[in-house]
Amino acid sequence: MTRERSGQLGVGVAIAITLLLTLGREPGLAHKEKHTPEQLKAFDDVFMQQVRLGDLLFHGDEQTQKRLGVQLSTTGMSCAMCHPTAADTHPHEFPKFQEQMNKFATLRDMINWCIEKPNQGVAIPVDSDAMKALEAYIIWSNKGSKLDPGRH
């Protein structure tokens, strides 16, 4: 038997042993039991709290921006001035190639592009509370849209 063939058998045996050892194990704990109505309400409450925060940011609330330490515009424009009620934001189309940026982009990339370019604000960290809230509001505002990533 060649060394290459021996190595392939070794990998195959390792995979077979791993599969045999995992058979019979219980599924991951995250989905072991159904969520209770109380848990679902708590999850929804947290989500809607973020949507409300994003709504304030999207509509240019200065106190909310100051509290979160962000400057979304220096022109006096808010996101809502170009996108009333988050219309024409198309979160369901991301990720996609975004012509304005000349790159493959996520919704968060597009949010920062709009903050920096038209609004002449300061980009916000993609993992910040402000970004998560803006994303939650935009996605909530487009609830029911069919996912269609990559579409133009």
Side-chain angles (χ1 to χ4, degrees), residues 8 11-12 14-16 18-19 21-152:
Q8 289 172 348
V11 170
I15 291 171
T18 302
L19 288 173
L21 291 175
T22 58
L23 291 176
R25 286 192 183 170
E26 294 184 30
L29 296 177
H31 301 289
K32 196 170 190 177
E33 297 178 16
K34 298 265 185 207
H35 294 300
T36 66
E38 294 80 19
Q39 288 172 313
L40 293 173
K41 182 181 179 333
F43 299 157
D44 189 56
D45 289 347
V46 170
F47 177 70
M48 290 309 298
Q49 180 183 27
Q50 292 303 302
V51 168
R52 285 188 290 277
L53 181 62
D55 183 10
L56 291 170
L57 291 169
F58 198 85
H59 289 88
D61 186 78
E62 290 181 23
Q63 290 178 341
T64 303
Q65 289 184 55
K66 186 178 275 188
R67 184 167 47 89
L68 292 176
V70 297
Q71 184 178 23
L72 304 183
S73 177
T74 60
T75 63
M77 301 269 299
S78 72
C79 304
M81 291 177 135
C82 294
H83 308 284
T85 63
D88 197 31
T89 55
H90 310 290
H92 53 283
E93 294 179 1
F94 286 91
K96 67 179 180 181
F97 182 82
Q98 190 61 40
E99 295 170 57
Q100 295 98 320
M101 292 182 266
N102 195 33
K103 73 175 193 175
F104 189 75
T106 65
L107 176 60
R108 291 178 180 195
D109 294 328
M110 191 71 226
I111 290 169
N112 266 334
W113 183 88
C114 287
I115 290 169
E116 289 183 296
K117 302 303 183 212
N119 288 358
Q120 297 176 15
V122 179
I124 54 181
V126 294
D127 62 346
S128 67
D129 291 341
M131 180 62 80
K132 291 173 189 176
L134 280 167
E135 185 178 52
Y137 173 72
I138 291 168
I139 291 172
W140 175 82
S141 296
N142 286 270
K143 195 172 185 174
S145 297
K146 178 183 156 207
L147 285 177
D148 197 9
R151 184 172 74 92
H152 284 271

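Reckoned from all heavy atoms, side chains included, excluding hydrogens, waters and symmetry mates.
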So which heavy atom on [X] is nearest to which on [Y], and how close?
X: Val70; Y: Ala130; value: CG1-CB, 3.9 Å
X: Gln65; Y: Leu72; value: OE1-N, 2.9 Å
X: Met77; Y: Cys82; value: CE-SG, 4.0 Å
X: Met131; Y: Pro125; value: CB-O, 3.5 Å

Validation row: Met48, Arg52 side chains within 4.5 angstrom (heavy atoms):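 A side-chain contact exists here, since the closest heavy-atom pair is under 4.5 Å.
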Say you draw a straight line from [atom1] of [X] to [atom2] of [Y]; how long is it, rounded to the nearest 0.5 Å?
X: Cys114; Y: Gln100; atom1: SG; atom2: CD; value: 7.5 Å
X: Asp55; Y: Ile138; atom1: CG; atom2: CD1; value: 11.0 Å
X: Lys103; Y: Gln98; atom1: NZ; atom2: CD; value: 10.5 Å
X: Leu40; Y: His35; atom1: CG; atom2: NE2; value: 6.5 Å

Name all pairs fulfilling the ring-ring contact (aromatic ring centres under 6.0 Å, His included) condition that reach into residues 118-142, sequence neighbours left out, sorted by first residue then second.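 For residues 118-142: Phe58-Tyr137, His59-Tyr137.
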Using atom types as modelled, flag every donor-acceptor pair under 3.5 Å from a side chain in residues 86-96 to any protein atom, sequence neighbours excluded.
| from | atom 1 | to | atom 2 | distance (Å) |
| --- | --- | --- | --- | --- |
| Asp88 | OD1 | His90 | NE2 | 2.6 |
| Thr89 | OG1 | Ala86 | O | 2.8 |
| Thr89 | OG1 | Asn142 | ND2 | 3.2 |
| Glu93 | OE1 | Lys96 | NZ | 2.8 |
| Glu93 | OE2 | Arg151 | NH2 | 2.8 |

All salt bridge (Lys or Arg N to Asp or Glu O under 4.0 Å) counterparts of Lys41, not counting sequence neighbours: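 Partners of Lys41 under the salt bridge (Lys or Arg N to Asp or Glu O under 4.0 Å) test: Asp45.
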Report the residues that fulfil salt bridge (Lys or Arg N to Asp or Glu O under 4.0 Å) with Asp127, sequence neighbours left out, ordered by chain and then residue number.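 Per chain and number, Asp127 pairs via salt bridge (Lys or Arg N to Asp or Glu O under 4.0 Å) with no residue.
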List in chain and number order the residues that pass side chain to side chain donor-acceptor pair (under 3.5 Å) with Ser73, two or more places apart in sequence or in another chain; answer none if no residue qualifies.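 Ser73 satisfies side chain to side chain donor-acceptor pair (under 3.5 Å) with Thr75 once adjacent residues are dropped.
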Strictly distance-based, threshold 3.5 Å: is any side-chain N or O of Thr64 a donor or acceptor partner for the main-chain N or O of Leu57?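 Here the side-chain-to-backbone pair does not exist.
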Can you give me every donor-acceptor pair (side chain of residues 105-113, partner residue at least two apart or in another chain, under 3.5 Å) with its distance?
| from | atom 1 | to | atom 2 | distance (Å) |
| --- | --- | --- | --- | --- |
| Thr106 | OG1 | Arg108 | N | 3.4 |
| Thr106 | OG1 | Asp109 | N | 3.1 |
| Thr106 | OG1 | Asp109 | OD2 | 3.2 |
| Arg108 | NE | Glu135 | OE1 | 3.1 |
| Arg108 | NE | Glu135 | OE2 | 3.3 |
| Arg108 | NH1 | Val126 | O | 2.5 |
| Arg108 | NH2 | Glu135 | OE1 | 2.7 |
| Asp109 | OD2 | Thr106 | N | 2.9 |
| Asn112 | OD1 | Ile124 | N | 2.8 |
| Asn112 | ND2 | Ile124 | O | 2.8 |

Within a 6.0 Å radius of atom CD on Glu62, are there more than 12 heavy atoms belonging to other residues, nucleotides or ligands?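 Count not over threshold, so no.
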